[in-house]
Amino acid sequence: MPLAALLVVGSCATEVTFKVGEGSSGKSLELVTNVAISEVEIKEKGGKDWVALKESSTNTWSLKSEAALKGPFSVRFLVKNCGYRVVDDVIPKSFTAGSEYKSGINV
């Protein structure tokens with residue numbers, strides 16, 4: 001019986017998506033996730049360092065930069081009890097507010 005319950009729970013996983021918020025522009029990025037995650041960081045194309053986004057409201061993460069942001073962007077996020085996940089180049093260079101991008105990762 002416990003094995004059957006585990007299989008049912010495993011089949012209910014949700015794919016993590018990132019929706020670009022209306023407040024996004026060439027110097028700011030706002031990402032809205034469809035699931036609760038603990039941390040979100042991005043790395044610009046060719047960048048060496050991950051930059052943390054701040055949670056501004058539930059499932060909404062934002063970054064404001066003085067310089068123009070350079071996409072595409074890779075995203076690293078932390079899921080409670082599941083560790084860090086990385087999705088390379090998930091947000092394209094020519095992102096538009098309101099667009100939603102799938103991570104290919106189920107949690």
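Atom set for the values below is all heavy atoms of this structure, side chains included, hydrogens, waters and symmetry mates excluded.
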Asn59 and Ile37 have their tightest heavy-atom pair at OD1-N, 4.4 Å

Item to complete: Taking all non-hydrogen atoms of both residues into account, name the closest pair between Gly21 and Ala97 and its distance.
Response: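 Closest heavy-atom pair between Gly21 and Ala97: O-CB, 3.5 Å.
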
For atom NZ of Lys43, is the number of surrounding heavy atoms from other residues, nucleotides or ligands below 6.0 Å larger than 12?
-> yes

What pairs of donor and acceptor atoms, side-chain ones from residues 67-80 against any protein atom, are under 3.5 angstrom apart with sequence neighbours left out?
unit_1: Ser74; atom_1: OG; unit_2: Asp89; atom_2: N; d: 3.0
unit_1: Arg76; atom_1: NE; unit_2: Glu41; atom_2: OE1; d: 2.7
unit_1: Arg76; atom_1: NH2; unit_2: Glu41; atom_2: OE1; d: 2.8

**Study point:** Within residues 35-65 or reaching into it, pairs that qualify as ring-ring contact (aromatic ring centres under 6.0 Å, His included) - sequence neighbours excluded
**Key:**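 Qualifying pairs, neighbours excluded: none.
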
Can you tell me how far [atom2] of [Y] sits from [atom1] of [X], rounded to the nearest 0.5 angstrom?
X: Lys19; Y: Thr60; atom1: NZ; atom2: OG1; answer: 10.0 Å
X: Ser25; Y: Phe95; atom1: OG; atom2: CZ; answer: 7.0 Å
X: Lys45; Y: Asp88; atom1: NZ; atom2: CG; answer: 8.0 Å

| Gly23 backbone acceptor or donor facing Ser28 side chain under 3.5 Å |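 Indeed, once roles are kept as given, a pair shorter than 3.5 Å links the two residues.
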
*asked:* Looking at Glu30, is its backbone amide N or carbonyl O close enough to the side chain of Ser24 to form a donor-acceptor pair, meaning the two atoms are under 3.5 Å apart?
replied: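 Side chain of Ser24 to backbone of Glu30, a donor-acceptor pair under 3.5 Å: yes, one is there.
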
What I'd like to find out is whether the side chain of Leu31 reaches to under 4.5 Å of the side chain of Ile91, using heavy atoms alone. yes

Flag side-chain contact, heavy atom, 4.5 Å: Phe18 against Val32: no

Which pairs of donor and acceptor atoms, one on a side chain in residues 98-107, lie under 3.5 Å apart (sequence neighbours left out)?
unit_1: Ser99; atom_1: OG; unit_2: Thr96; atom_2: O; d: 3.2
unit_1: Ser99; atom_1: OG; unit_2: Thr96; atom_2: OG1; d: 2.6
unit_1: Ser103; atom_1: OG; unit_2: Val16; atom_2: O; d: 2.7
unit_1: Ser103; atom_1: OG; unit_2: Ile105; atom_2: N; d: 3.0
unit_1: Ser103; atom_1: OG; unit_2: Ile105; atom_2: O; d: 3.4
unit_1: Asn106; atom_1: OD1; unit_2: Glu15; atom_2: N; d: 3.2

Q: State plainly whether one hydrophobic cluster holds both Leu29 and Val87, where clusters connect Ile, Leu, Val, Met, Phe, Trp and Tyr through side-chain heavy atoms under 4.5 angstrom apart.
A: yes

